[in-house]
Amino acid sequence: MSFLGRGASSSNQGGMNTEKLEMAMTELDMVTDVFNRLVSVCHSKCINTRYAEPDLNKGESVCIDRCVAKFFEVNKKVGEKMQAMGANATAGGGSSFGSL
Amino acid sequence: MSFLGRGASSSNQGGMNTEKLEMAMTELDMVTDVFNRLVSVCHSKCINTRYAEPDLNKGESVCIDRCVAKFFEVNKKVGEKMQAMGANATAGGGSSFGSL
Amino acid sequence: MSFLGRGASSSNQGGMNTEKLEMAMTELDMVTDVFNRLVSVCHSKCINTRYAEPDLNKGESVCIDRCVAKFFEVNKKVGEKMQAMGANATAGGGSSFGSL
Amino acid sequence: MDFSQFNSAEQAHMNKVIEKKQMQDFMRLYSSLVERCFQSCCNDFTSKSLKSTEETCVMNCTDKFLKHSERVGARFAEHNAETMGASGSQL
Amino acid sequence: MDFSQFNSAEQAHMNKVIEKKQMQDFMRLYSSLVERCFQSCCNDFTSKSLKSTEETCVMNCTDKFLKHSERVGARFAEHNAETMGASGSQL
Amino acid sequence: MDFSQFNSAEQAHMNKVIEKKQMQDFMRLYSSLVERCFQSCCNDFTSKSLKSTEETCVMNCTDKFLKHSERVGARFAEHNAETMGASGSQL
């Protein structure tokens, strides 16, 4: 959507390399997306939703740390798997899965 | 958002009819949205989440085929219903519901 | 994304103050987001999903009214809480939470 | 939202943007409705065609969701009107 | 979708936009897959490293989801082809 | 992300875009928090006003979610720092 209406010479406007900026924005969007999923999934795994107190208790805190570590391990495994399956052919040859 | 800052003569820039392109993009977004929902809902209906094996078994495969067929039937019924209710007045008179 | 490629003098194009328009659009997006969440959460609280009849029954109707009222009260409490915690420092000093 | 401070070019542009957004929102509503009613009503995949009980459920689900949505919208608008007082137009 | 009425500048632009969108969709697929398989397979947080049963589950989950997605895509394409007839290209 | 190869116009523009995005992300966080805490804490619709037990629950829910989010963020940043080594700035 956002790429419509920029005309053909869109790759250099006002002294800016817009392609590079767009790539940075896409990366930022992706990191935000992963972070939001991580927050949500670790909340569902670790936080007691009775909400009897305002602070994270010891068990919840430890659970969060492990949850994040495990999530990144899963992220790496899934990335390797998808690369092995060649599924990332679609992605234009990106090779950075698993490193996030 | 993406339509801001394009100026008044936005409907023809660089020899492109941007209105037409935007319509095509909107359609593409909509099809992608429907497809993602279809994948998600049929996964929840058909796939055993114990993940004991990597392949779709016979039962899961047949279920997927029926799930997709049924989803399109529901899509059609809902579209007809909304047209009948005149709810699609909001959509600027689009008449293609149910055909996706 | 949509802000890339607009050039440096983007704040006034074609006689329009785009900053102001963008702010209005952001507000519109936010209101839409809140409304969609409200519809979804009150549906889950109030509507019987057996769908035995097409109309809202008396109990469902009353529940919806109370659900919306309560949601706004929660919205206000959460906004006040976040302001008290200074969490909204990130938002560039916006002070309109709780009023939606 | 209060658009009264916009000049006419801005208002015209804003109207176009809002119209576009309403179209997208309607599409999103439509597909979410299909997903929601399918999820609630279809649980038998021994055949690929809709059973009549499923179809009735889907029709009621659609009807009810739209009525629900309308009622929430009415309460929402009332709340906005109260909160913002008499100044300007609200969503 | 039928792009046959587009001129060449429009088609070139459209292709770029679609390519970009596919990249974003792929990223979205990737992160949703990680979330999905993590949610289904990881339930023990007495340690921070993946157990071998969890790892097997994640691998199977990934494999199965992609096969599921492919199969849904095939049925989806068939449906589109039927609905739209022989005119133009479909997604 | 590493913005060190950007020229100053690009960095300035990028900063503006990021600021805008942070605003939107904050709004999204805020509404998702309201939804989450309402969903968990409010289950009695025999009256339209918040009961004190519900209010306490909502306050704790908000507090806890923000602390949770902060802790996840800290671990996330550590992970990124480790993965990417000493080169450039990370999100």
Side-chain angles (χ1 to χ4, degrees), chain C residues 1-8 10-11 19 22-23 25-27 29-38 40-42 44-46 59-60 62-94 97-98 100, chain F residues 1 3 6-71 73 91:
Chain C
M1 226 60 174
S2 41
F3 308 100
L4 300 172
R6 287 189 297 115
S10 67
S11 57
E19 305 251 327
E22 278 178 10
M23 235 142 80
M25 282 315 294
T26 303
E27 197 184 334
D29 280 340
M30 186 199 149
V31 173
T32 307
D33 181 46
V34 171
F35 180 70
N36 288 338
R37 290 176 192 273
L38 178 58
S40 169
V41 85
C42 290
S44 81
K45 297 291 183 189
C46 298
E60 290 170 332
V62 173
C63 179
I64 291 168
D65 296 349
R66 290 171 180 163
C67 180
V68 174
K70 227 169 203 181
F71 184 91
F72 278 119
E73 234 189 302
V74 169
N75 184 65
K76 194 158 168 278
K77 295 288 177 201
V78 171
E80 288 165 0
K81 179 87 188 167
M82 285 179 87
Q83 252 170 339
M85 295 174 75
N88 63 337
T90 341
F97 293 107
L100 195 68
Chain F
M1 287 192 293
F3 295 153
F6 283 9
N7 67 35
S8 67
E10 285 166 352
Q11 290 207 6
H13 193 250
M14 202 63 201
N15 286 342
K16 244 186 101 178
V17 174
I18 289 176
E19 202 177 277
K20 175 100 195 172
K21 203 175 146 36
Q22 282 179 333
M23 222 282 262
Q24 290 178 321
D25 288 345
F26 179 77
M27 290 305 187
R28 199 71 31 152
L29 165 73
Y30 176 61
S31 58
S32 74
L33 189 50
V34 173
E35 185 186 17
R36 177 187 293 278
C37 296
F38 182 85
Q39 186 65 264
S40 294
C41 299
C42 301
N43 287 300
D44 172 22
F45 297 97
T46 55
S47 130
K48 69 172 231 176
S49 56
L50 266 187
K51 292 191 300 180
S52 73
T53 52
E54 290 176 329
E55 183 173 338
T56 305
C57 179
V58 166
M59 294 293 93
N60 288 343
C61 171
T62 301
D63 242 326
K64 214 171 211 178
F65 182 82
L66 293 174
K67 283 165 188 164
H68 165 73
S69 206
E70 233 172 76
R71 190 171 189 108
L91 179 70

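Naming convention: chains lettered A, B, ... in sequence-line order (proteins, then strands); numbering from 1 in each chain.
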message = Would the distance check show the side chain of F:Y30 and the main-chain N or O of C:N75 forming a donor-acceptor pair, the cut-off being under 3.5 Å?
response = yes
task = Begin from the C-alpha positions of F:L66 and C:M82 and carry the test side chain to side chain contact (heavy atoms under 4.5 Å, CB included) through to its verdict.
result = CA-CA 9 Å; F:L66 293 174; C:M82 285 179 87; 4.1 Å; yes
query = Shortest non-hydrogen contact from F:M59 to C:V78?
reply = CE-N, 4.3 Å
inquiry  = Do F:D63 and C:M85 make a side-chain contact, defined as non-hydrogen atoms from C-beta onward lying under 4.5 Å apart?
reply    = yes
ask   = Can we say F:K48 and C:D65 salt-bridge, meaning some charged N sits less than 4.0 Å from an Asp/Glu carboxylate O?
value = no
inquiry  = Is the shortest side-chain heavy-atom distance between C:D33 and F:R28 below 4.5 Å?
reply    = yes
ask   = With side chains defined as the heavy atoms from C-beta onward, is the minimum distance between C:R37 and F:F38 less than 4.5 Å?
value = no
query = Does any non-hydrogen side-chain atom of F:F45 lie less than 4.5 Å from one of C:I64?
reply = no
Counterpart residues, salt bridge (Lys or Arg N to Asp or Glu O under 4.0 Å), relative to F:E70 (two or more places apart) = none
ask   = Any side-chain heavy atom of F:S31 within less than 4.5 Å of one from C:M30?
value = no
ask   = Between F:E35 and C:V34, is any pair of side-chain heavy atoms under 4.5 Å apart?
value = no
note = Most contact-rich option vs chain C, by heavy-atom pairs under 4.5 angstrom, among F:D25, F:T46, F:L29, F:L33, is F:T46
F:E54/C:K70 ion pair, N-O < 4.0 Å = yes
request  = Please name all residues satisfying disulfide (SG to SG under 2.5 Å) with C:C63, sequence neighbours left out, ordered by chain then number.
outcome  = C:C46
query = Side chain of C:K45, backbone of F:C42: donor and acceptor closer than 3.5 Å?
reply = yes
ask   = Going by heavy atoms in the side chains, are C:T26 and F:K20 under 4.5 Å from each other?
value = yes
task = Could you go through the side chain to side chain contact (heavy atoms under 4.5 Å, CB included) check for F:L50 and C:K76 one step at a time?
result = CA-CA 11 Å; F:L50 266 187; C:K76 194 158 168 278; over 6 Å; no
task = Go through the atoms of F:S49 and report whether side chain, backbone, both or neither lie under 4.5 Å from a heavy atom of chain C.
result = both
ask   = Checking F:S47 against chain C: side chain, backbone, both or neither under 4.5 Å from a heavy atom?
value = backbone
